[in-house]
Amino acid sequence: MATLTVPTSSSSTPNSDLLTSLARDGFVILPSTQFPSLDLAALRAAAAQVTTLARSGAWPHIRTLPKQFPPWTSDSTAGIWGVQHLLHPSIPSTSRLAFASSYFNAALLDTVAQLIECPADELVMELYNLLVRPDADFALRWHRDDIPATATPEEETARLGKPAWHAQWNLALYDDASLIVVPGSHKRARTAAERAAGPFESDMPGQMVVKLKSGEVVFYDNNILHRGVYDSRVERMTLHGSVGCVKGGGARARNVLQHGVGEWVGRCDFEGLEDRMREMAERMRERLVEMGKVSGDVGFYSKEE
Ligand SMILES: O=C(O)CCC(=O)C(=O)O
């Protein structure tokens, strides 16, 4: 598998460099030093707790094998590859607090605000999930999150030309080399070779394995051409989050709420967060609720499976 070397940004990477990397490559990797107040030990403990609950069937919001796209069932019998809804009010409180402290981490939100050029008071709570070692080897097909594989080149180009108004990231709690991307593919329609490739093509031209050390964060355009390849023998606990901007409007809120967040977002409990963080969390949650009110009835994705 071809692996390109991409330098990790330094701890003091200027905003313009982050934006340049994200715009050029479709992703940017930030070192753990960029987020000094993230408590990796607490996050690992929280991740271990919810993963145990999820594998045993005691947490119903899971990504089940061998299914790539939602909706997933709550039956963990065939194994899981993810734990959904880390900010859900029913997540055990100590773990929920650890997850919320990372999701609403000031340095992380500051980076999000810079990357999507959104004022802090317009940030919107979105998704926070955990991607875990699958119970059996598993892979995702090549995809863009918001554009179906059936899209024509014209449809791809039209969609990719619009601003995303949200940031998506993976924060690795253990070293993680599961995500594979085609750098630059977030800016253009698929090439003839990419269209002709099989859904699980193992050597896509230009592909790159995103290698994260524990504590590193990759922000990526969710419409970059990407896939996941998961080894059931390798520990994986990677926080998978997204934050939006009110400019994303009802369409984006709909996209978020159709992941099931709408069922519990009104009951979020941010008790225990430090005052400023708690206030930020409440504001971000309220913005999602408000945007959801105008987005209408929300069903699940109809991505092809
Ligand atoms: O495992 C990953 O990091 C990628 C997950 C992904 O592509 C998806 O959930 O659509």
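Ligands are counted one by one from 1 in listed order, and the atoms in each one are counted from 1 as well. Given the structure is predicted, the values throughout are model-derived calculations rather than measurements.
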Heavy atom of [X], distance to ligand 1 below 4.0 Å:
X: Y230; result: yes
X: Q68; result: no
X: R144; result: no

At a non-hydrogen distance cut-off of under 4.0 Å, which region of [X] contacts ligand 1 (side chain, backbone, both, or neither)?
X: R141; result: neither
X: T238; result: neither
X: R227; result: neither
X: R63; result: side chain
X: D145; result: side chain

Interfacing atoms of ligand 1 (cut-off 4.0 Å, heavy-atom, [X]):
X: L140; answer: 5 (C), 6 (C), 7 (O), 8 (C)
X: L179; answer: 3 (O), 4 (C)
X: L131; answer: 1 (O), 2 (C), 3 (O)

Salt-bridge criterion met for R287 and E290 (N-O under 4.0 Å):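 Here R287 does not pair with E290 in a salt bridge, since their nearest N and O are not under 4.0 Å apart.
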
With distance as the sole criterion, is a donor-acceptor pair present between the side chains of [X] and [Y] under 3.5 Å?
X: D75; Y: T77; answer: yes
X: Y128; Y: S242; answer: no
X: S101; Y: D39; answer: no
X: N170; Y: H240; answer: yes

Charged tip of R44 within 45° of Y174 ring normal and under 6.0 Å: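 Cation-pi check for R44 and Y174: passes.
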
S178 N/O under 3.5 Å from ligand 1 N/O: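 No.
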
Short N or O distance, W81 and ligand 1, threshold 3.5 Å exclusive: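 By distance alone, the answer is no.
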
Residue pair D110, Q114: steps toward the side chain to side chain contact (heavy atoms under 4.5 Å, CB included) verdict: CA-CA 6 Å; D110 191 40; Q114 292 167 21; 3.1 Å; yes

Distance flag, aromatic centroids of F27 and W169, threshold under 6.0 Å: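 No: the rings miss the under 6.0 Å criterion.
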
Given L53, V50, D269, L97, the one that forms side-chain contact (heavy atoms from CB on, under 4.5 Å) with I91: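 When side-chain contact (heavy atoms from CB on, under 4.5 Å) is applied between I91 and each of L53, V50, D269, L97, only V50 qualifies.
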
Option whose closest heavy atom lies nearest to atom 10 (O) of ligand 1, chosen from Q168, H240, H143, R236: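 The nearest heavy atom belongs to H143.
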
